[in-house]
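Fair warning: this is a prediction, and the values are worked out from it, not measured in the lab. This chain uses plain numbering: 1 for the first residue, then up along the sequence.
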Amino acid sequence: GSWRPAPLCRGRELPRPPPGHARAVVHPLRWASSFSQPGPTESDPSEGQVFLSESCVKRLLEITEGSEFLRLQVEGGGCSGFQYKFSLDTVISPDDRQGQRGGARVVVDVDSLAFVKGSMVDFSQELIRSSFQVVSNPQAEKGCSCGTSFSVKF
C-alpha cells in the first residue's frame with residue numbers, strides 16, 4: 001500500500017507551495033553518532049550520507065514539536081522487495097544515526113542507513129497526496145511508481 005501522511009498532518013491545513021516554486025537546493029547532511037563510537041571522519045564511507053531537500057526541511061519544521069524528529073526506516077515488503085517507512089518519533093536508540101539541517105532532524109537506524117546512504121529525502125506535494133519520499137537512491141536498483149518501494153542492487 002501507499003504510505004498515507006495523515007498521522008503527520010495533525011489536522012492542520014497543508015500549505016500550498018507558491019506559484020513557480022523552485023525545487024530545492026541540495027545540502028549534504030553529515031550523519032554523526034552522539035554515542036560512544038568515535039566520530040566519523042570525512043573519508044569514512046561506512047557512515048553514509050543523506051541529503052535533505054528544502055521542502056523536506058520546511059515541512060518538518062511545520063509538523064514537529066519539541067523533541068520530535070522524522071524517523072526513516074527500510075523494511076522488507078512493498079511491490080519491489082523493500083519499502084520506506086516514515087514516522088514521527090522522540091526516542092533515539094543506540095544504533096541510530098541522526099542528522100539535522102536548519103533545525104529539522106532526521107534519524108535513521110544503522111541497518112536502514114545502509115539502504116539509503118547517498119539518497120535524498122524530499123517532501124512532495126501533489127494534487128492527490130503529499131508525502132515524504134526518498135528520491136535518487138543510489139542503493140536502489142529500481143523503484144515503483146508509488147515511490148515507497150524499491151529493490152536493492154546486488
Side-chain angles (χ1 to χ4, degrees), residues 1-10 12-33 40 42 44-64 68-90 92-93 95-154:
S2 105
W3 175 77
R4 306 195 74 73
L8 297 181
C9 294
R10 291 220 178 87
R12 294 180 219 161
E13 274 297 309
L14 290 175
R16 297 205 58 84
H21 178 65
R23 263 288 155 93
V25 182
V26 181
H27 294 277
L29 180 66
R30 290 300 305 177
W31 293 96
S33 171
E42 287 299 314
D44 180 11
S46 64
E47 195 67 22
Q49 193 172 354
V50 172
F51 303 90
L52 289 186
S53 72
E54 297 279 359
S55 60
C56 174
V57 171
K58 180 172 178 285
R59 184 60 182 154
L60 277 176
L61 294 177
E62 291 167 355
I63 64 174
T64 53
E68 283 183 322
F69 52 81
L70 182 70
R71 177 175 292 282
L72 167 58
Q73 293 170 282
V74 173
E75 299 180 335
C79 44
S80 301
F82 292 92
Q83 59 189 354
Y84 304 113
K85 180 183 174 191
F86 291 96
S87 58
L88 288 183
D89 199 354
T90 57
I92 303 264
S93 302
D95 70 337
D96 283 338
R97 296 294 175 264
Q98 57 180 322
Q100 63 178 6
R101 177 182 162 213
R105 292 197 302 155
V106 176
V107 171
V108 184
D109 62 87
V110 169
D111 293 337
S112 295
L113 185 58
F115 292 100
V116 296
K117 60 187 177 185
S119 59
M120 187 203 292
V121 179
D122 187 31
F123 180 71
S124 170
Q125 287 184 295
E126 299 160 19
L127 287 174
I128 58 168
R129 68 171 184 168
S130 57
S131 62
F132 289 103
Q133 294 181 342
V134 174
V135 294
S136 58
N137 183 353
Q139 313 306 320
E141 184 165 68
K142 65 180 197 289
C144 66
S145 60
C146 62
T148 61
S149 177
F150 67 103
S151 61
V152 177
K153 289 177 182 172
F154 290 107

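- Distance check, rounded to the nearest 0.5 Å: OG of Ser53 to CZ of Phe123 gives 9.5 Å.
- Using a 4.5 Å heavy-atom threshold, the side chains of Phe132 and Leu60 count as touching.
- Interatomic distance, Gln73 CD to Phe86 CZ, rounded to the nearest 0.5 Å: 10.5 Å.
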Quiz item: Should Tyr84 and Val74 be marked as a side chain to side chain contact (heavy atoms under 4.5 Å, CB included) after you check the CA-CA gap, both sets of side-chain angles, and the distance that decides it?
Solution: CA-CA 5 Å; Tyr84 304 113; Val74 173; 4.2 Å; yes

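- When the options Asp89, Ile92, Leu113 are evaluated for a side chain to side chain contact (heavy atoms under 4.5 Å, CB included) with Val107, the one that passes is Ile92.
- Evaluation of the salt bridge (Lys or Arg N to Asp or Glu O under 4.0 Å) rule for Asp109 yields no partner, not counting sequence neighbours.
- Here the straight-line distance linking atom CG of Leu70 with atom OG1 of Thr64 works out to 9.0 Å at 0.5 Å rounding.
- Note that CZ of Phe82 is 11.5 Å distant from CG of Asn137, once rounded to the nearest 0.5 Å.
- Under the 4.5 Å side-chain criterion, counting only non-hydrogen atoms from C-beta, Ser124 is not in contact with Ser130.
- Of all non-hydrogen atoms in Ser55 and Asp122, the two that sit nearest each other are OG-OD1, 2.7 Å.
- Of all non-hydrogen atoms in Ser93 and Asp96, the two that sit nearest each other are N-OD2, 2.7 Å.
- For Val116 against Gln139, the heavy-atom pair with the smallest separation is N-CG, 4.2 Å.
- Rounding to the nearest 0.5 Å gives a distance of 12.0 Å between CZ of Arg97 and NZ of Lys117.
- Of all non-hydrogen atoms in Pro138 and Ser119, the two that sit nearest each other are CD-N, 3.7 Å.
- Within the 4.5 Å cutoff, no side-chain heavy atoms of Val50 are placed close to those of Val134.
- Every residue two or more places apart in sequence or in another chain that forms a side-chain hydrogen bond (donor to acceptor under 3.5 Å, both in side chains) with Arg105 is listed here: Gln98.
- Here the straight-line distance linking atom CG of Leu52 with atom NZ of Lys58 works out to 15.0 Å at 0.5 Å rounding.
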